[in-house]
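By convention in this document, chain letters (A, B, ...) are assigned in the order of the sequence lines, proteins followed by strands, and residues within each chain are numbered from 1.
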Amino acid sequence: MTVQEWLKAAIADAERRGLSDLKPLLDGLAQSITALRNAGFGGRAHDR
Amino acid sequence: MTVDEFARQLRLGHVTSARATDDCLERIASLDPALNAFIHVMAAEARRDAQARDAELAAGHDRGPLHGVPISVKDLFDVAGTVTTAASRVREGLVALTDGPLITRLRQAGAVLMGKTNLHEFALGPTNEDSAFGPTRHPLDPSRMSGGSSGGSAVSVATGMALATLGSDTGGSIRIPAALCGIVGLKPTAGELPIEGAVPLSRTLDHTGPLTQTVTDAWHVFHALRGDTVVKPLSESPLDSLRLGVPRAYFCDVLDVEVRAVFDRTLAQLQRTGVTIVDVDIPHASALAAVYSVIVFGDAAAYHADTLEAHADRYTTPVRLRLEMARYVLAEDYVRGLDGRQALRREVDTALSGIDALVLPTVPVPAPAIGASTVTLNGKDEPVRNLLLRLTQLFNVTGHPALSLPMGTTAEGLPMGLQLAGTRGQTDALLHVAKAVETAINR
């Protein structure tokens, strides 16, 4: 799933669990994950 | 008094372990109420063990440089008969049945254990503010943080409540408080010292090591922790043959103006002694924080998942929230983090090619105020947590040995640390370099 899809699902789940305070932490984690994915570490199934 | 000096004075008969232990206990009684470095003081055991060490030495049984030395222990490590709290109510009543392997080695080396020091709860934080026992305070300005997560350990050594201490380091938790409190902190090569017998934060990135007053002391304690019984004296690498590499991009981009000035002055001072300074590059440095985060969070989430379900209310709120966040890291991103770790390891290996060590500041700022969530640098508000970890976490990710030693103070007298990082598997070589640099700085 994309980072945006992940963030939306994570926030919804956190709110369902009564942990709305997690939202700013999840926003920060989303930024980290975006940077991580953009770095392109590791291989891909469609790489030569 | 340093460990090295104590060892000398002990064998000259000018001091005893009992006297040194009582001195430390008096300092704990006097200073610790304000600084909160200790969770549990082992006064009776320390006095008993100190007397035993003095009797041994009098009978001709010399255990080595740590014989009779008062040492504190971060309350993450199992010491038989004491609760390993990890600074958390989660672990109330959990008395360790046996000593962990590093504690066993310290005892075999003759160390006198003074007590268990305060830390950031479960080592999940670089400020030492979030603890079931309250924050540890900076020894020079109690309104400021000590840094963490081995903050209590650092303060105990910086104030003479112990002559050395055992800490842990997952993202900088030995080096950060060492730098902020003005002492030496060593994170050896990954895997060089056992992490068993300690409450884990990240099984992938956890390291253990000493905080001491000097590089020579770090040498003594490191080798005792390795279980070495025969150790050559620490020598200094010749300064005019030393080559040090500065990773400028990313690691020197965000620095407090005084930290930058003292770092630049220190490099110039080293160059005047004959040290060669070159610039090096870590190409994926901008992804470092992300790599570190997903690995630590993934590991921590697995360890804490059951306890979060059953006893969430026993955590401090900030640590609980971070652990709950950690549980949302996807497996695919954790694996990306492991791939990033391999890439960064190769890049640091490459950067070290042809040089003796990397050199950079340990922490971009002097000790922030307790309660500060941001620090303003170059007109921008930077999160304190990210700042404190920014320059140290690389060497947890890659496993290279790294050490912090004092490089000066701010105009207000707050300490700043210089970090040296060496080749994997060559922690001794790093200590030789550090000894030379320490001597040059202190001239």
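Salt bridge B/Arg203/B/Asp299: absent, no basic N to carboxylate O contact under 4.0 Å. The pair B/Asp349-B/Arg345 does not count as a salt bridge, with every side-chain nitrogen at least 4.0 angstrom from each carboxylate oxygen. Look at B/Glu309 and B/Arg327 and you find a salt bridge, because one of the NZ, NE, NH1 or NH2 atoms lies within 4.0 Å of a carboxylate O, short of that distance. Under the 4.0 Å criterion applied to side-chain N and carboxylate O atoms, B/Glu121 and B/Arg91 are not assigned as salt-bridge partners.
Centroid-to-centroid, the aromatic rings of B/Tyr315 and B/Phe122 come within less than 6.0 Å. Aromatic pair B/Phe395/B/His207: ring centres not closer than 6.0 Å.
Across A/Ala39, A/Ala9, A/Ala10, the residue that shares the most heavy-atom pairs under 4.5 angstrom with chain B is A/Ala10. When each of B/Asn386, B/Leu288, B/Val291 is checked for heavy-atom pairs under 4.5 Å with chain A, B/Val291 comes out on top. For the set B/Leu321, B/Val329, B/Leu338, B/Thr317, the count of heavy-atom pairs under 4.5 angstrom toward chain A peaks at B/Leu321. Ranked by heavy-atom pairs shorter than 4.5 Å toward chain A, the options B/Ser286, B/Ala290, B/Ala289 are led by B/Ala290.
Both the backbone and the side chain of A/Asp13 come within contact range of chain B, each with at least one heavy atom under 4.5 Å from a heavy atom of that chain. For B/Tyr292, no part lies under 4.5 angstrom from a heavy atom of chain A. With a 4.5 angstrom heavy-atom cutoff, B/Arg320 touches chain A only via side-chain atoms. Using a 4.5 Å cut-off between heavy atoms, B/Gln342 makes no contact with chain A at all. For B/Val294, the part lying under 4.5 angstrom from a heavy atom of chain A is the side chain only. Heavy atoms closer than 4.5 Å to chain B are found in the side chain of A/Leu19, but not in its backbone.
When atom types are taken as modelled, the side chain of B/Ser149 and the backbone of B/His120 share no donor-acceptor pair closer than 3.5 angstrom.
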